[in-house]
Asker: 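Right, I'll just put the structure down here and ask away after.
Quick note: numbers below take in every heavy atom, side chains included, and nothing from hydrogens, waters or symmetry partners. Residue numbers count from 1 along this sequence.
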Amino acid sequence: MSISKDITGQKIWERGLVEAMNAADQANRSKSEFLANMSHEIRTPMNGLLGIIDLLESTNLNKIQKQYVEIIKNSGSSLLNIIRDILDYSKIESGKIEIQSSAFIPEEELKNQLKILSGLAAKKNIKLETTFVNSENLLFEGDKGKINQVLLNLIGNAIKFTPDEGKVGVKMELTPIEDALYFLSFQISDTGIGIPKEHLERLADPFYQVESSNTRAYQGTGLGLAIAKKNY
């Protein structure tokens, strides 16, 4: 006795699935190569710009000019870090972003990020209020670049969606856990337009916008919170 079964359809489906997977792999490789090239092309002029800023910093500048140069320099350095992380597509996709540990003082880093955003806040006459809880200027070890990137995105969003003459509050708190271990937390509040509850769950989705009209009015791509969540 013999039993036969026609599996032609199954084989065709399997072959199509394999071809689709191969095509997807090739597309991912092509995107990775493109982003690697773009990363190099963007970082090269940025490095040149920062080099010129270093030269400018060494010239005779008054106090206000030195402050402006410092803000430009910090902005350029932050932009380089963002470019490096965003364009490394494979790490972003897999969620395997490498941690670059270094020593830093959280209070100083937060103040530097606020300096970067101070121009945007001043343009809209927005008051930036900072609160430090248990801040003792302790030296921490961690990835300050990732922390700064998250802060820039969150505080920048708060300023962007807050009307003129509004208020943005930033609170940093250090909570001791044990010995030399601390929990570092930040809280950002604003007097902005608010977010409907039904949109909160999708707020960190890539390219997600609450309303298309907001996209036009506030000039955003919807990537800021998604990148912050990836780094977290």
Side-chain angles (χ1 to χ4, degrees), residues 67 70-72 74-75 77-79 81-82 85-86 97 99 104-140 142-177 181-232:
Q67 291 177 350
E70 183 181 357
I71 291 173
I72 295 171
N74 288 335
S75 299
S77 298
S78 297
L79 181 57
N81 289 331
I82 293 171
D85 288 339
I86 294 178
I97 302 175
I99 299 299
F104 68 99
I105 299 176
E107 184 174 335
E108 290 185 359
E109 294 300 322
L110 175 56
K111 288 179 179 178
N112 287 335
Q113 305 318 303
L114 292 174
K115 285 181 182 178
I116 293 173
L117 296 167
S118 61
L120 178 60
K123 186 177 180 180
K124 299 179 66 177
N125 200 21
I126 290 175
K127 185 177 182 180
L128 283 174
E129 294 184 344
T130 55
T131 305
F132 299 98
V133 181
N134 297 329
S135 175
E136 303 171 1
N137 279 331
L138 296 176
L139 193 64
F140 278 69
D143 195 330
K144 66 177 182 179
K146 299 292 188 300
I147 295 174
N148 288 340
Q149 185 177 358
V150 172
L151 288 174
L152 278 176
N153 281 325
L154 295 181
I155 301 172
N157 264 10
I159 295 174
K160 181 194 301 184
F161 292 101
T162 296
D164 293 359
E165 300 183 356
K167 184 190 302 181
V168 172
V170 182
K171 179 181 178 181
M172 189 192 84
E173 184 172 1
L174 293 176
T175 305
I177 299 177
L181 187 63
Y182 284 77
F183 182 77
L184 175 63
S185 63
F186 297 91
Q187 180 179 336
I188 291 89
S189 59
D190 61 69
T191 57
I193 60 176
I195 305 168
K197 291 183 178 180
E198 61 269 21
H199 293 283
L200 291 177
E201 290 185 1
R202 296 193 57 193
L203 202 58
D205 291 352
F207 305 107
Y208 182 74
Q209 296 283 354
V210 175
E211 292 183 18
S212 59
S213 58
N214 283 344
T215 305
R216 291 191 295 269
Y218 294 96
Q219 300 298 316
T221 60
L223 280 175
L225 294 181
I227 293 171
K229 185 178 179 181
K230 286 286 186 181
N231 280 333
Y232 177 77

Asker: Could you give the distance from CG (Asn148) to CG (Asn153), rounded to the nearest 0.5 Å?
Answerer: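 Answer rounded to 0.5 Å: 11.0 Å.
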
Asker: Taking salt bridge (charged side-chain N to carboxylate O under 4.0 Å, His left out) as the definition, give me every residue that meets it alongside Glu107, ordered by chain and number, with sequence neighbours left out.
Answerer: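 If we apply the salt bridge (charged side-chain N to carboxylate O under 4.0 Å, His left out) test to Glu107, skipping adjacent residues, the hits are Lys111.
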
Asker: To the nearest 0.5 Å, how far apart are CG in Asn157 and CG in Leu152?
Answerer: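 With rounding to 0.5 Å, CG (Asn157) is 11.0 Å from CG (Leu152).
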
Asker: When you compare the side chain of Tyr182 with that of Asn134, does any pair of heavy atoms fall below 4.5 Å?
Answerer: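 No, side chains not in contact.
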
Asker: Please determine whether the number of non-hydrogen atoms from other residues, nucleotides or ligands lying under 6.0 Å from atom CD of Glu129 exceeds 12.
Answerer: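 Yes, because the 6.0 Å sphere around CD of Glu129 holds more than 12 heavy atoms from other groups.
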
Asker: Side-chain contact test, heavy atoms from C-beta onward, threshold under 4.5 Å: evaluate it for Asp164 versus Asn125 and give yes or no.
Answerer: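 When only atoms from C-beta onward are counted, Asn125 and Asp164 do not touch, as no gap falls below 4.5 Å.
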
Asker: Of Asp190, Leu117, Leu114, which meets side chain to side chain contact (heavy atoms under 4.5 Å, CB included) against Val168?
Answerer: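 Going through the options one by one, the only one that passes is Asp190.
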
Asker: How close do Pro163 and Gly192 get, counting heavy atoms only, and between which atoms?
Answerer: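 Between these two residues, the closest heavy atoms are CD-CA, 3.8 Å.
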
Asker: Can you give me the closest heavy-atom contact between Ile126 and Ile159, atom names plus distance?
Answerer: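 In terms of heavy atoms, the two residues are closest at CD1-O, 3.6 Å.
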
Asker: Would you compute the distance between atom CD of Glu70 and atom OG of Ser75 and round it to the nearest 0.5 angstrom?
Answerer: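 Glu70 CD to Ser75 OG: 10.5 Å, rounded to 0.5 Å.
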
Asker: Does the side chain of Phe186 come within less than 4.5 Å of Leu110's, by heavy atoms?
Answerer: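 In short, these two side chains touch, coming nearer than 4.5 Å.
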
Asker: Verify side chain to side chain contact (heavy atoms under 4.5 Å, CB included) between Leu174 and Phe140, making sure each step is shown before the conclusion.
Answerer: CA-CA 11 Å; Leu174 293 176; Phe140 278 69; 3.6 Å; yes

Asker: Find the distance between CG (Asn74) and CD1 (Ile116) and round it off to the nearest 0.5 Å.
Answerer: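 CD1 of Ile116 is found 5.0 Å from CG of Asn74.
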
Asker: Got a sec, which residues hit ring pair (Phe, Tyr, Trp, His ring centres under 6.0 Å) with Phe104, two or more places apart in sequence or on another chain?
Answerer: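 Checked Phe104 against ring pair (Phe, Tyr, Trp, His ring centres under 6.0 Å); zero matches.
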
Asker: Any non-hydrogen side-chain atom of Met172 less than 4.5 Å from a side-chain atom of Leu184?
Answerer: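 Heavy-atom side-chain distance check passes, below 4.5 Å.
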
Asker: Starting at CG of Leu154, measure out to CD of Gln187 and round the result to the nearest 0.5 Å.
Answerer: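 Rounded to the nearest 0.5 Å, the CG-CD separation comes out at 11.5 Å.
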
Asker: Donor-acceptor pair, Thr191 side chain versus Lys167 backbone, under 3.5 Å?
Answerer: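 Side chain of Thr191 to backbone of Lys167, a donor-acceptor pair under 3.5 Å: yes, one is there.
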
Asker: What's the separation between atom CG in Leu128 and atom NZ in Lys115, rounded to the nearest 0.5 Å?
Answerer: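 Spacing of CG (Leu128) from NZ (Lys115) equals 13.5 Å.
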
